[in-house]
Every structure is written in C-alpha cells, then in structure tokens.
Amino acid sequence: MINKKNLTVYNTLKGIKEEFIPIKEDRVGMYVCGPTVYGEAHLGHARSAITFDIIYRVLRFLGYNVRYVRNFTDVGHLVADADDGDDKVEKKAQAENKEPQEVAQYYEMMYLKSTDALNCLRPNIMPIASGHIIEQIDVVKKLMDKGLAYESEGSVYFDVEKYNKEIKPYGILSHRTLEDTMENSRELSGQQEKKNPFDFALWKKAPKEHIMKWESPWSLGFPGWHLECTAMGRKYLGAEFDIHGGGMDLVFPHHDCEIAQSVGAFGDMPAKYWLHNNMITIEGKKMGKSYNNFITLTEMFNGTHPLLKQAYNPMTIRFFMLMAHYRSTLDFSNDALIAAEKGLARLMEAKAKVSTLKESNESSFDVHKIIDDALMAVCDDFNTPIMIAHLFDLCKHINSVSDGKENITKEDKEYLQQHLNAILDDILGIKDEKNSNDTGVIEGLMNLIMDMRANARNNKDYATSDKIRDALKPLGIEIKDSKEGATWRLV
RNA sequence: GGUCUCUUGACCGAGUGGCUAGGUGCCGGUCUGCAAAACCGUUUACUCCAGUUCGAAUCUGGAAGAGACCUCCA
C-alpha cells in the first residue's frame, strides 16, 4: 500500500519534481488563488478548481490533516493597465447598476454552485479580499517601515529594484532576472508616479468617483492585487505554509510579487511548494476572459454555447479534465468530451457490476497490483490519466469475470470493491449521476414495463417488445437483452 | 524582441533509453429474433535533419511549426 512518502510534486520554484515533505508532520496548509468575481466561471476556472480538488483529496487520502484556503478576489484587481485601470468588480457593478458587493457575491455563489456540481470539495476557508483591508494595510506599513515601499501621490508602490538588490532576486519563481524584466517591460500609461515601470502597486489612491475605498495612512483608496494573497495566506496558514497554487498564468507577475512582498515585509518565503495548473485551450489558443473565447460552465451544463454539439454533465467535464495531466495544456473539443462521456459511462457500469460478480476459488488477475499501480500513479505528481488507465484495466477484468471468462476470489472481490470505490469516490471525486430523486418512481414504472415486455418476448410478440424499447430510447432509457433477461439504464 | 514550453496514430491523451499506456472511433469476430451492451482481435504513432548509443518518441545539436509569459487572466 502507498503511504505519505510516495508523494512527489512538481515545484515551480525549483523546476523539478520532488518528494513532498510538509513543514509540520501530518498537517498541510494549502492556499490557492481563486477567481476574480466579476463574471461567470468558465472551463479554465473549472480546471484550476478540479486540479486543486484532486490535490486536496490525495493529501486527505494519504492521511494528512489539510487546511485548504481559496480566496475570492473582489477588490483591487484592475482592468487593463495593471496599476492604473478601473477596478474589475466595480466596473461591472457600474455597468449593471449594482453595488460592487452585490456583483461579487452573485458571482461567488455562481462559482460555488458550479464547483459543487463538479464535485469539488469546498475549501475550509474562503476569504474575500475586501474583508481583509486592515491586514493588507499592515503589510504595506511593514514594507514602508523597511524602506521597500514608497509613497507617490497618495499611492504606495513596491520598490522592486531595491528589493532585488538588497533582499532577494526578484523573479525567482518565474526564473527570470530583473534585467530581463527591465528590458521587456512595456510602456504603460500612468506610470509617472513610479520609480520604475516594473514597480507594482501596494495601495492605490481612489479617484473621486470610485466606490470601493478605505481609509489608510496614505489616502482614501484600495489595496493592490498581489497584496490580498500575502495578507490572507499568512493570516490563515501562518508565516510559511506548504502549498501555494493557482493557474500557470499567475506565476508572473502575481506570485513573484507575492514572494517579494512577503519576503520583504516578513523575511519569510510564503510557501514551500508552488504548484500550477496549465491552461485550457480552445482552437489552440488559451481560453481566457480577455480573449473572449471562453465557454462558461453554465453553458457547458446546458449545451447553450454555439461551439457545443450537446450539453455535458459536470461529471463528464470533470472526467475529461482528469484524463489529461494537470501540467499539460488541454484542448477543448466536442469529440474529446464525448469520448470522455462514453469512457466514464463504461467505467461506472463496471463499478456497479462488481458486487454482482461470481466468486471463484482463485483469481485470474492481480487485483492488488493494479490498485497499487493506480494509487502510485496519482502519488506521482497527481498523474490522474495513468490512474484512470489502470481503472480501465480493472474495468476489462470486471467485465471478463462477469462474462465468465475470468475469475475472482471472494477476498479479491471485496478488496476490489472497497478500493475501486475509494479511488472513484474519495480520490477522483467521480460520483454516479444517475442517482437522482425520482429514480424511485422511474424504477417502479420500469419494473412494470420490463415485466410486460418480457411477457411479450416470451410470446414472441417482438413487435410489442421492440416498440417499447424504441419508444423508451428517446426518453434516455436504454434496454439491453441478454440470456439472463433484459436490463435497462438511464443514458 | 526577451524567457520558457510544446509538436505522439482518425480524434483526445500518457510516456525522460529497450517491454501493447489508456479512452473514443473504424473494421472483423463471439453473443443476439434484431439491436444495443459486453468481451476478444485488428488498424493507423512518435514534425523534420544530423549526432550519441548495442538500442531513442525518450538524450545532444540544428531546422520548421504552434503556444504561454513578459499587461488583467485559473
């Protein structure tokens, strides 16, 4: 069996895969950058949520006591130019004639509804940026005291050059030097307040018409984007925690800025392991809000986007994502989704079949080895596609036993049942969607119909039996005949 | 322009030196009144060029193509 020592993770900070050793034995602190709540969640958000859900589940499965924190960014995240734009949430609020908090809360709820449907476990703490203004101001004060930040026109900026020279190189996470950054910084408007174009805002003075603003020693204003994670991560997980995660697009500048702020203010690297999920692409390009090429989760569930051939249920989407490794880009396509849907259905049927298997004196295959291989795979930097490949291997054996072509002992069957359920339910988070509230009624009706159809078949009245089968098909009920009798299932 | 990554069969997608990944699809077979399902079998691979090696999809060098980051982004 696997244990905690088997877990390896790819650490962006080091650029290698390494053994996972938590700071405190048996306990893990994990902070994941959540969404900016000014729009509906799309497939990209789902990938991040599912990736870290798997990581959370694997850690729990290995016996760790995990505190999982994921924030909602509801303030401080600017549109367009990084430090000189409008607040995204506020802009949306003005457009919709709503309070910023109203917009933020609406999309928070939408996000949770979607991630719940995708069977992502909720984090233990979901802090919001606007609820932690005091903590953020404290970080800015610390940086001012240390001379790593400077005030300009009521705003406060982080002095990247000074930090880079005196404290620690800037850009250690993205593996770039300040020279690279300097050469390639673009000329953006409104930078005359800053010493250097690559300095980033810690506090911004609010324009007159700005709604979201707070008192601070420098101005009536709002915190810079990178600050919230530093303040909230430290508050809920301590000076240094185990895992800091998010999408790959956050590596630079967001996470590098966080590191600089944290090291500058407190002297601590905020996290030991930095994990990043890759992007969802569509027609070869990154799916993103600003590219306007995204498909929202609601559209996926309903099949309402023009690019969708059909609706996809949340488990199909989850399974589709798990069939690729989290550090690879994953291209959206109907064909791939449909393939995932069919594969998943096959897997779930095999799972349901285990309890009905006939027991023998010996097993014709090594259940323990396949289960072990599957578990080892997910411990190797969360390699879910390999784990799933092993599950399909089991699937094949289960079907063969069911067909009488292979054998399984009572002990192996129990072991299989227990571990297959644990893998699907606890680790992969794949639940059977057929169990809805009205199955009781459907079951009663179907028992009756199946009984009548069996009578018809016994009387060789195939016209009636085919009529029943054909009429139920469009309703999503599929009937299959075999030697042992007919079965039905919801498709 | 700078930094980095990728290029696998009809499609998706694993795989850091030798052993069939896996899924979906196609085709054939078993089963079946028919169909479906299931099972078995089969098919199409590693962008190109050169090198290292007994042996490379996997390592090295070069070429071509694609993408990501450098600006908000999961």
Side-chain angles (χ1 to χ4, degrees), chain A residues 15 32-36 38-39 41-52 73 77-83 85 88 171 174-177 179-186 188 198 225 245-254 276-281 284-291 294 319-320 323-325 327-347 349-350 353 377 383-393 395-396 398-400 402-406 457 460 462 465-466 469-470 473 478-483 486-487 489 491:
Chain A
V32 177
C33 288
T36 304
Y38 67 105
H42 58 68
L43 277 177
H45 295 102
R47 186 167 204 198
S48 189
I50 290 168
T51 296
F52 289 98
T73 299
H77 208 159
L78 304 163
V79 171
D81 298 349
D83 303 319
K88 281 189 171 178
S174 56
H175 306 110
R176 62 185 84 190
T177 63
E179 289 71 46
D180 294 338
T181 309
M182 261 190 242
E183 281 170 23
N184 297 301
S185 278
R186 293 187 204 173
L188 298 172
F198 44 77
W225 171 39
M248 260 183 193
D249 48 359
L250 298 180
V251 173
F252 190 89
H254 185 53
H276 296 92
N277 64 280
N278 213 322
M279 302 293 106
I280 295 282
T281 57
K285 297 264 194 295
K286 175 184 166 184
M287 182 180 284
K289 285 232 168 77
S290 39
Y291 298 109
F294 58 89
F319 193 66
F320 165 68
M323 294 226 303
H325 190 253
R327 285 192 290 113
S328 300
T329 55
L330 174 59
D331 200 52
F332 162 86
S333 78
N334 281 283
D335 289 348
L337 259 313
I338 291 166
E341 184 177 72
K342 289 184 179 168
L344 176 60
R346 214 181 120 211
L347 204 52
E349 279 207 50
K353 216 182 273 182
N383 199 323
T384 51
I386 297 285
M387 173 177 248
I388 289 171
H390 290 301
L391 296 188
F392 277 111
D393 195 19
C395 183
K396 205 173 212 172
I398 291 166
N399 287 323
S400 294
S402 176
D403 282 6
K405 290 174 185 161
E406 288 201 55
R457 280 167 54 83
K460 306 254 184 233
Y462 295 120
S465 70
D466 286 359
R469 186 175 62 196
D470 295 345
K473 183 92 190 173
E478 185 177 85
I479 291 178
K480 294 181 284 187
D481 294 313
S482 69
K483 275 184 219 161
T487 58
R489 62 164 193 154
V491 182

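Throughout, protein chains are lettered first and strands after them, A, B, ... in sequence-line order, and every chain is numbered starting at 1. Just so it is clear, the model here is predicted, and its values are computed rather than measured.
- Not counting sequence neighbours, the partners of A:Ile479 by the side chain to side chain contact (heavy atoms under 4.5 Å, CB included) test are A:Met450, A:Arg453, A:Ile468, A:Arg469, A:Leu472, A:Asp481, A:Ala486, A:Trp488.
- The side chain to side chain contact (heavy atoms under 4.5 Å, CB included) test applied to A:Ala49 returns A:Arg70, A:Tyr111, A:Thr115, A:Cys120, not counting sequence neighbours.
- Taking atom P in both B:A66 and B:C54, one finds a spacing of 38 Å when rounded to whole Å.
- OP1 or OP2 of B:C39 sits under 4.0 Å from a side-chain N or O of A:Asn399.
- The ring of A:Tyr462 lies on top of the base of B:G33, close enough and flat enough: under 5.5 Å between centres, under 30° between planes.
- The residue A:Gly44 sits close to a base: some heavy atom pair falls under 4.0 Å.
- A:Asp470 comes within 4.0 angstrom of nothing in the nucleic acid, heavy atoms only.
- Nucleic acid contact for A:Lys396: sugar-phosphate only, since backbone atoms but no base atoms lie under 4.0 Å from a heavy atom of the residue.
- Checking B:C69, B:G33, B:A38 against the side-chain heavy atoms of A:Arg176 singles out B:C69 as nearest.
- Using a 4.0 Å heavy-atom distance criterion, A:Asp466 is classed as a base contact.
- No engagement by A:Leu391 is indicated, since no non-hydrogen atom pair under 4.0 Å with the nucleic acid exists.
- When the side-chain hydrogen bond (donor to acceptor under 3.5 Å, both in side chains) test is applied to A:Lys285, no partner is found at least two apart in sequence or on another chain.
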- [ ] List the protein contact pattern of nucleotides 27-32 of chain B with one symbol per nucleotide (5' to 3'): B for base contact, S for sugar-phosphate-only contact, - for none; contact means a heavy-atom distance under 4.0 Å.
- [x] ------
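- Spacing between B:A10 and B:U47 at atom P, rounded to whole Å, works out to 13 Å.
- Within the 4.0 angstrom heavy-atom criterion, only backbone atoms of the sugar-phosphate kind lie near A:His325; the bases stay farther away.
- Residue A:Met248 comes nearest to A:Met279 through the heavy atom pair N-CE, 3.5 Å, listed as atom of the first residue, atom of the second, then distance.
- As judged by a 4.0 angstrom heavy-atom cut-off over every strand, A:Ser328 is placed among residues touching the sugar-phosphate backbone only.
- In RNA chain B, consecutive stretches of 3 or more Watson-Crick or G-U wobble pairs with both distances under 3.5 Å are given as paired ranges: B:1-7 with B:64-70, B:10-12 with B:22-24, B:27-30 with B:38-41, B:47-51 with B:59-63.
- Every residue meeting the side chain to side chain contact (heavy atoms under 4.5 Å, CB included) condition with A:Lys342, not counting sequence neighbours, appears here in chain and number order: A:Ile338.
- In this structure, A:Met279 reaches the bases: a heavy-atom distance under 4.0 Å links it to at least one base atom across the strands shown.
- With sequence neighbours left out, A:Ala350 forms a side chain to side chain contact (heavy atoms under 4.5 Å, CB included) with A:Cys395, A:Ile398.
- Comparing B:G15, B:C11, B:C39 against the side chain of A:Asp335 picks out B:C11 as the nearest.
- Within 4.0 Å of A:Ser465, counting heavy atoms only, lies at least one base atom of the nucleic acid.
- The residue A:Arg346 sits close only to the backbone: its heavy atoms come under 4.0 Å of sugar-phosphate atoms, none of a base.
- Without hydrogens or angle criteria, A:His390 side chain to A:Met387 main chain gives no donor-acceptor distance under 3.5 Å.
- Comparing the C1' positions of B:A14 and B:A45 gives a spacing of 13 Å, expressed to the nearest Å.
- Under the side-chain hydrogen bond (donor to acceptor under 3.5 Å, both in side chains) criterion, A:Asp393 pairs with no residue at all, not counting sequence neighbours.
- Within the 4.0 angstrom heavy-atom criterion, base atoms lie near A:Ala389.
- Atom name P, nucleotides B:C39 and B:G25: the rounded distance is 12 Å, in whole Å.
- Applying the side-chain hydrogen bond (donor to acceptor under 3.5 Å, both in side chains) test to A:Asp470 and every residue at least two apart in sequence or in another chain returns nothing.
- Among the atoms of the strands shown, only primed sugar atoms or phosphate atoms (P, OP1, OP2) are found under 4.0 Å from some heavy atom of A:Leu330.
- Comparing the same atom, C1', in B:U43 and in B:C27 gives a spacing of 7 Å after rounding to whole Å.
- Distance noted for atom P between B:U52 and B:G61: 15 Å (whole Å).
- Between A:Ser333 and A:Lys342, the residue anchored nearer the 5' end of RNA chain B, judged by the nucleotide with its closest heavy atom, is A:Ser333.
- B:U58 and B:U53 have their C1' atoms separated by 13 Å, with the value rounded to a whole Å.
- Within the model, atoms CG of A:Leu43 and CZ of A:Phe320 stand 7.5 Å from one another, a figure rounded to the nearest 0.5 Å.
- If you check every strand for non-hydrogen atoms under 4.0 Å, A:Ser400 touches sugar and phosphate atoms only.
- Atom pair A:Leu347:CG and B:A37:P shows a separation of 17 Å (rounding to whole Å applied).
- The separation of B:A35 from B:G28, taken at their P atoms, amounts to 13 Å, rounded to a whole angstrom.
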